[in-house]
Amino acid sequence: MPQTRSTSRSSSLTHAAAADAVIPADAWRDDEALYVQFDLPGMDRSRIELTVERDTLTLTADR
């Protein structure tokens with residue numbers, strides 16, 4: 001099956017103690033899944049948490 005790819009270069013994420021932050025991201029889907037790739041230079045993968053609640057994907061990361 002052909003892969004459908006749509007790209008969003010910015011996703012707005014809210015930091016609990018500050019104003020909105022913008023993190024560059026790509027998103028695409030195929031018949032099997034939705035894929036999201038974030039640009040988080042210098043971040044350790046073990047410090048990144050993704051959660052989904054209802055229709056909201058939340059990314060939390062600590063340096």
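Applying the side-chain hydrogen bond (donor to acceptor under 3.5 Å, both in side chains) criterion to Ser46, with sequence neighbours excluded, gives Asp44. The side-chain contact (heavy atoms from CB on, under 4.5 Å) search around Leu50 returns Phe38, Leu57, Leu59, not counting sequence neighbours.
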Practice problem: Could you walk me through whether Tyr35 and Asp30 pass the side-chain hydrogen bond (donor to acceptor under 3.5 Å, both in side chains) test, one step at a time? | Solution: CA-CA 8 Å; Tyr35 303 90; Asp30 61 19; 3.2 Å; yes
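The minimum heavy-atom distance between Met43 and Ile48, with the atom names listed, is CB-CD1, 4.1 Å. For the residue pair Asp62 and Arg47, the shortest heavy atom distance occurs at O-NE, 3.1 Å.
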